[in-house]
Amino acid sequence: MHRATAAFSPDEIEIVINTHLHWDHVGGNKLFKKARFYMQKEDIHLALTAPKYAPHFFDEMRSCITEVADRTTVLDGDAKIVDGVEVWKVGGHTPGSQVVAVKTDKGIAVITGDVICKYDNWNYDWPGPAGNIWNIGELVTAHRVIRQRGDFIIPGHDWMLWEKYPDGTIA
């Protein structure tokens, strides 16, 4: 197994983009004491109220949103974050799922969060993560948008990433 190393601390991170507000994507928010956060508004009410019909939004994770609220920019759709970095709201996995598009020397890298969990989802055009789909139509459309606008993807939950980029350098 490969292990990523970083030459910086959480206090040096200035921007955190939550691709969606499930527990495994917001659980570390409080570590970034100086960062500005970017979240889609459609996920916020689910993260704060955690209805039973919405899997992976847990009441126990509410503080991961509320404790950074004063440093959060609430988005409603696509947005430019800084030069060369934008988010595209695509929905599908959650109502407010967004992907992060980063301009690199190799083209547009798309950090997909859970919209595309694994390279198999991308290679075989299988929407999902299995069993955790908010809106299948939005996921199908998200795949199409990412194929049209992006040059390569970084899936949200695939260890194959370390085989493709063993030194951790993607762009």
Side-chain angles (χ1 to χ4, degrees), residues 13 15-32 35-81 85-102 108-161 164 170:
I13 303 298
I15 295 173
V16 172
I17 301 170
N18 292 128
T19 58
H20 62 291
L21 303 184
H22 282 168
W23 67 274
D24 57 330
H25 292 259
V26 300
N29 280 359
K30 295 184 272 184
L31 299 173
F32 303 100
R36 179 117 204 104
F37 290 80
Y38 293 85
M39 307 171 189
Q40 290 288 334
K41 75 174 188 174
E42 285 187 272
D43 273 7
I44 292 174
H45 74 281
L46 295 169
L48 295 177
T49 59
K52 291 181 186 209
Y53 63 82
H56 304 292
F57 290 105
F58 298 122
D59 285 332
E60 297 81 8
M61 302 307 289
R62 181 181 302 126
S63 65
C64 296
I65 306 302
T66 60
E67 288 186 25
V68 302
D70 63 329
R71 295 180 283 127
T72 296
T73 298
V74 177
L75 303 173
D76 186 14
D78 296 358
K80 175 182 172 182
I81 305 302
V85 178
E86 57 188 33
V87 295
W88 307 333
K89 182 183 170 281
V90 293
H93 177 61
T94 66
S97 286
Q98 60 186 351
V99 298
V100 183
V102 180
I108 303 296
V110 183
I111 303 166
T112 65
D114 286 359
V115 171
I116 300 169
C117 274
K118 297 188 177 274
Y119 283 108
D120 279 350
N121 294 102
W122 182 246
N123 294 335
Y124 297 107
D125 210 13
W126 295 335
N132 198 352
I133 297 171
W134 188 270
N135 183 310
I136 189 72
E138 288 177 354
L139 276 176
V140 169
T141 300
H143 277 234
R144 187 171 55 248
V145 166
I146 294 166
R147 285 188 194 283
Q148 290 171 348
R149 297 175 69 184
D151 295 305
F152 59 99
I153 66 149
I154 301 160
H157 289 278
D158 199 332
W159 288 104
M160 180 80 67
L161 187 69
K164 289 179 73 82
I170 295 171

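- Taking both residues in full, the closest heavy atoms of Ile136 and Pro127 are given as CD1-CB, 3.7 Å, listed atom of the first, atom of the second, then distance.
- Every side-chain contact (heavy atoms from CB on, under 4.5 Å) that Asp158 has, sequence neighbours left out, goes to Lys118, Tyr119, Pro155, Met160.
- Counting only distance, with no hydrogens or angles, the side chain of Arg36 and the backbone of Ile15 share no donor-acceptor pair below 3.5 Å.
- With sequence neighbours excluded, the residues satisfying side-chain contact (heavy atoms from CB on, under 4.5 Å) with Thr49 are Pro51.
- Checked by atom type and distance alone, the side chain of Arg71 pairs as donor or acceptor with a backbone atom of Ala35 at under 3.5 Å.
- Remark: Lys52 engages no residue in a salt bridge (Lys or Arg N to Asp or Glu O under 4.0 Å) (not counting sequence neighbours).
- The minimum heavy-atom distance between Trp126 and His143, with the atom names listed, is O-CE1, 3.8 Å.
- To the nearest 0.5 Å, atom CD of residue Gln40 and atom CD1 of residue Ile17 are 10.5 Å apart.
- With hydrogens and angles ignored, the 3.5 Å screen pairs no side-chain donor or acceptor of Gln98 with any backbone N or O of His20.
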- I would like to know whether Asp43 and Asn18 meet side chain to side chain contact (heavy atoms under 4.5 Å, CB included); could you show each step before the answer? CA-CA 10 Å; Asp43 273 7; Asn18 292 128; over 6 Å; no
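- The one candidate from Thr112, Asn121, Asp24 that meets the side chain to side chain donor-acceptor pair (under 3.5 Å) condition with His157 is Asp24.
- Within the structure, every pair that satisfies the salt bridge (Lys or Arg N to Asp or Glu O under 4.0 Å) test and touches residues 140-152, not counting sequence neighbours, is listed here: Asp78-Arg149, Glu86-Arg149, Asp125-Arg147.
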- Begin with the C-alpha distance, continue with both residues' side-chain angles, and end with the deciding distance and a verdict on side chain to side chain contact (heavy atoms under 4.5 Å, CB included) for Phe32 and Val68. CA-CA 9 Å; Phe32 303 100; Val68 302; over 6 Å; no
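- Checked by atom type and distance alone, the side chain of Asn29 pairs as donor or acceptor with a backbone atom of Cys64 at under 3.5 Å.
- For the residue pair His22 and Asp114, no side-chain donor N or O sits within less than 3.5 Å of a side-chain acceptor on the partner.
- Between Leu139 atom CG and Ile116 atom CD1 the span is 9.0 Å, to the nearest 0.5 Å.
- Between Val100 and Ile81, every side-chain heavy-atom pair lies at or beyond the 4.5 Å cut-off.
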- Message: With side chain to side chain contact (heavy atoms under 4.5 Å, CB included) as the criterion, how do Val26 and Met39 come out once you've worked through the C-alpha distance, each side chain's angles and the decisive distance to 0.1 Å?
- Response: CA-CA 10 Å; Val26 300; Met39 307 171 189; 5.8 Å; no
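- Remark: Glu138 pairs with no residue by the salt bridge (Lys or Arg N to Asp or Glu O under 4.0 Å) rule, at least two apart or across chains.
- Residues meeting the side-chain hydrogen bond (donor to acceptor under 3.5 Å, both in side chains) test with Asn135, sequence neighbours left out: none.
- Here CD of Gln148 is found 14.0 Å from CD1 of Ile108. Values are rounded to the nearest 0.5 Å.
- Listed by chain and number, the residues in a side-chain contact (heavy atoms from CB on, under 4.5 Å) with Ala79 are Leu75, Val87 (sequence neighbours excluded).
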- Going through the checks in order, is the side chain to side chain contact (heavy atoms under 4.5 Å, CB included) test met by Leu46 and Thr94? CA-CA 9 Å; Leu46 295 169; Thr94 66; 5.7 Å; no
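- Within the 4.5 Å cutoff, the side chain of Val115 has heavy atoms near those of the Ile146 side chain.
- When the salt bridge (Lys or Arg N to Asp or Glu O under 4.0 Å) test is applied to Asp70, no partner is found at least two apart in sequence or on another chain.
- Pairs of residues two or more places apart, or lying in two chains, never qualify as salt bridge (Lys or Arg N to Asp or Glu O under 4.0 Å) while including a residue from residues 90-99.
- Lys41 pairs by the salt bridge (Lys or Arg N to Asp or Glu O under 4.0 Å) definition with Asp76, not counting sequence neighbours.
- Taking 4.5 Å as the limit, every side-chain heavy atom of Thr19 sits out of range of all side-chain heavy atoms of His93.
- The side-chain contact (heavy atoms from CB on, under 4.5 Å) with Val102 is formed by just one residue from the set Ile154, Ile170, Ile111; it is Ile111.
- Partners of His45 by side-chain contact (heavy atoms from CB on, under 4.5 Å), not counting sequence neighbours: none found.
- Among all heavy-atom pairs drawn from Phe57 and Ala50, the shortest one is O-CB, 3.5 Å.
- Not a single side-chain hydrogen bond (donor to acceptor under 3.5 Å, both in side chains) links Thr66 to another residue, sequence neighbours left out.
- Remark: Trp134 CH2 to Glu42 CD distance equals 9.5 Å, nearest 0.5 Å.
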